[in-house]
Amino acid sequence: MSTAPEQPNIPEKFLSPYDPNKVESRLYAAWEDSDFFNPDMCVKKGITRADAKPFSIVLPPPNVTGTLHLGGALMVTIEDILVRYQRMRGKKTLWLPGTDSAAIATQTRVEKNIQKAEGKTRHDLGREELLKRISAFVEENKATILKQFRGMGASLDWSRYLYTMDEQHYRAVMEAFIRMYDAGLIYRGNRIVNWDPKGQTTISDDEIVHEERDAKLYTFRYAKDFPIPIATTRLETKVGDTAVAVHPDDERYKKFIGKEYDVVFCDTLIHIKIIADESVEKDFGTGALGVTPAHSHIDWEIADRHNLQRPQVINEYAKMMVEGRLKGKKVAEAREEVVSWLKDEGLLEKVEDIKQNVATAERTGAIIEPLPKLQWWVNVNKEFVIPYSDIPGIASGATTTLKEVMRKSVESGAVSFVSERYERVYYHWIDNLRDWCISRQIWFGHRIPVWYKEGEMKVQIDSPGAGWEQDEDVLDTWFSSGLWTFSTLGWPDKTSDLTTFHPTDVIESGYDILFFWMARMILMSGFFLGQVPFRTIYIHGLVRDENGRKLSKSLGNNIDPTEVGAQYGTDALRMGLIVGNTPGADFNFNPQKVGAYKKFANKLWNITRFIFSETEGVTVNNMFSEFTPDDQALTKRRNELMTDITRDMENYRFYLAAEKLYHYTWHEVADVILEESKTIFAGEDADAKASRAQFLLHTLRSLLIALHPFMPYVTEEIWQDSPFKRDERPFLMVEQWIE
RNA sequence: GGGCGAUUAGCUCAGUUGGUAGAGCGCCCCGUUUACACCGGGAUGGUCGCAAGUUCGAGUCUUGCAUCGCCCACCA
């Protein structure tokens, strides 16, 4: 390599193109070793004032056994930009990392592995052995995701890292269950649940996806002398009917209301009462609804109102439980059997082809069987006294409900959305919220702290003694995730972290888990602390490919952010994910764009090389006041830009700030100002030279600072060999922001 | 059935409170190899989905329409 003799003091690294691969892991290690990711250390080392305003954000914990996908890379980028910016603003900044056990997903995967390798099911292994295997699997896999987050440049405080199955979080979950139970908000009840016959567990309403399928709508009578024909798609459930509901104003059926009939339907004796219920649609089907309380949510509610029997006729394996010709048949076969029986009896009046939305389990794809089960529930409508509340509109000591807590937290503005339109979606969701089923029939997770012995029940963490059996079920993963903003800070202990950093400032996540997670955090934080969990919700959209298609392995268009980062550099990847990405909207990711930002990193590198070589021997003078009129004008323009950028940062417009900085750097500084400077430096005017030298140095310094949240690596790498570096602040990462 | 969003250059998208339309990539021409070929200069390219309204002025606000997409909802 040639080292130009006329540039003796320029650090040699600037003479060859910027190479991210030579820089990134070294710099990340240096940052991490410095302890400046930890706000306490920043205070201790004099970087942050002890009385500085705190800024905190929790990382939505990724699946501990997962790998980083592009959506995750976007999440990390946005949050790191936010955090680096706030840290440079001088705030006591905490970004708290963690990983999630992802109970169902992880257990399913381990079970599958065992099935493949050993041909055994979890029941062959037993609970204890399975949990051991899962734990080993987690240990083996968790390093990957943590390494990938580091690779993105994430300035997370690893000293506070928490895994959802760690002791600290476990205690929080147990405590939460017990306190909610004591407050009367958690109850055990035999109620209709969404049962996943494949996964053999209950799932919540939010874990259901509706799929449109072709179905047949059958119109039939229970018996020859039954007065009202009814329509249904699920003939096999009709052996579980206990009523026929009609609309109270329906002239056709008014005269039958209150009458009761005993009929033998497909070998099963059923007792049908004709009832009137407002929920029945007069114009659909025959205007009469066969009520199957045990196997339909709506019918269950009707049964509540009319005090009906609720015989269960389908079991956990989606097979018929009745005697006779349907016995033991799967639901689909049973349906065919009922059809042929109806035909034989001359009871089938009509068969129509319709489109139907079928509820399926998001994870296993199985068709959901609604059936009654003894489960644990959180009552979202029951009143309780909130001992302490910071939530506007709910006073300390007031009587309220969890639903009201969720609504008021947002309505009052205590929690606000960066994209306002999500607020209405949120209210809509709350209004339709039913009691939350929190028990799951899997083994990996937080086991319900309830003990039984001879009909007695105790709610406590440890076994009450010999002969007591613990509840078999574990808690819904979202029950524990809902505590995340404060369990990570040490709750239920009254820690100084909790006082300092809660409520957190921002939660940042994709809209796919808005309700799963964010709404539940609001619920939990409101109940346990009387606080909102965060003040601002930043929702990012789905990352798609450049043609707007979803990224998926099966489509073959999956993009591994780690590979992209290795090819173009992490800074370029971050820019490619941010520029043009509006909060809340889906985003099409274009690898070519990332290529453009790789060039940009190099451009900045070369701007540095030029400026350093032209200002050889010049001392940076922050108080310099002898600017030429031209340089005064340029300084004014630069200052205005920085003010503008700061405003964008404060308002979460990172996509704009990044683009403006890009444009200014390349097309104003490099293309115009540097070209013009060549003439000045070649000329004779010493004052103009001195002025321009100071201007260029000040400008480079500003650019590095403003670009650092977006492109942390290249800016830090330049800074480390620049005259801007100060002894008391060894990294650009902890330098002060310029407004 | 209810709600939400989108429609801007060939492609993918920005455009923050209304003030003569922007970026990346692509395409064409020219130049440069002592900051940078991970380069520079220039050119081409848009009736901002359609229609009406408010305004001195509308991509931006209002209304209607069209097309596409998403979310919610168990018409059994």
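Model, not experiment: these values are computed from the prediction. Protein chains get the first letters and strands the later ones, always in sequence-line order, with residue 1 at the start of each.
Regarding contacts with the backbone of B:rA35, every side-chain N or O of A:Lys603 stays at 4.0 angstrom or more from both OP1 and OP2. The phosphate of B:rG24 (OP1 or OP2) has a side-chain N or O of A:His667 nearer than 4.0 angstrom. Between A:Trp666 and B:rG40, a side-chain N or O to OP1/OP2 separation shorter than 4.0 Å is present.
Paired with A:Tyr597 under the rule ring-ring contact (aromatic ring centres under 6.0 Å, His included), one option of A:Tyr18, A:Tyr662, A:Tyr568 passes, and it is A:Tyr662.
Under a cutoff of 6.0 Å and an axis angle of 45°, A:Arg407 and A:Tyr427 form a cation-pi pair. A cation-pi contact links A:Arg520 to A:Trp436, judged by a cut-off of 6.0 Å to the six-membered ring centre and 45° from its axis.
Heavy-atom distances to RNA chain B give each of A:Thr608 and A:Thr582 a nearest nucleotide, and the one nearer the 5′ end belongs to A:Thr582.
With the 3.5 Å cutoff on both pairing distances, Watson-Crick and G-U pairs in RNA chain B assemble into runs of at least 3 at B:1-7 with B:66-72, B:10-13 with B:22-25, B:28-31 with B:39-42, B:49-53 with B:61-65.
Taking the side chain of A:Leu674 as heavy atoms from C-beta on, and the options B:rG24, B:rA35, B:rC75, the nearest nucleotide is B:rA35. Nearest to the side chain of A:His210, among B:rA73, B:rC75, B:rA35, sits B:rA73. For A:Leu656, counting side-chain heavy atoms from C-beta on, the closest listed nucleotide (B:rC39, B:rA23, B:rU16) is B:rU16. The side chain of A:His663 lies closest to B:rA23 when the candidates are B:rA73, B:rA35, B:rA23. For A:Glu281, counting side-chain heavy atoms from C-beta on, the closest listed nucleotide (B:rU16, B:rA76, B:rG41) is B:rA76. Checking B:rC38, B:rA35, B:rA23 against every side-chain atom of A:Lys678, the shortest atom distance belongs to B:rA35.
Closest approach of A:Ile314 to A:His295, counting heavy atoms only: N-NE2, 3.2 Å.
B:rC11 sits 16 Å from B:rG26 when the P atoms are compared, rounded to a whole Å. Separation of the P atoms belonging to B:rU20 and B:rU16 is 12 Å when rounded to the nearest angstrom. One P atom belongs to B:rG45, the other to B:rG22, and the distance between them is 15 Å to the nearest Å. Look at the P atom in both B:rU8 and B:rC61: the space between them is 16 Å, to the nearest Å. Rounded to the nearest Å, the gap between the C1' atom of B:rC50 and that of B:rA6 is 15 Å. Rounded to a whole angstrom, the distance from the P atom of B:rG18 to that of B:rU62 is 11 Å. Distance noted for atom P between B:rG57 and B:rC68: 35 Å (whole Å).
Between the side chain of A:Glu675 and the base of B:rA35, a donor-acceptor pair under 3.5 Å is found. Judged by distance alone with a 3.5 Å cut-off, no donor-acceptor contact links the side chain of A:Lys593 to the base of B:rC25.
A donor-acceptor pair is defined here as one N or O able to donate and one able to accept, closer than 3.5 Å; no such pair exists between the side chain of A:Asp648 and the backbone of A:Phe654.
The distance between atom CZ of A:Phe710 and atom C1' of B:rA23, rounded to the nearest whole Å, is 16 Å.
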Is there any protein nitrogen or oxygen under 3.5 Å from a nitrogen or oxygen in nucleotides 4-7 of chain B, and what are the pairs?
| unit_1 | atom_1 | unit_2 | atom_2 | d |
| --- | --- | --- | --- | --- |
| B:rC4 | OP1 | A:Arg424 | NH1 | 2.9 |
| B:rC4 | OP1 | A:Arg424 | NH2 | 3.3 |

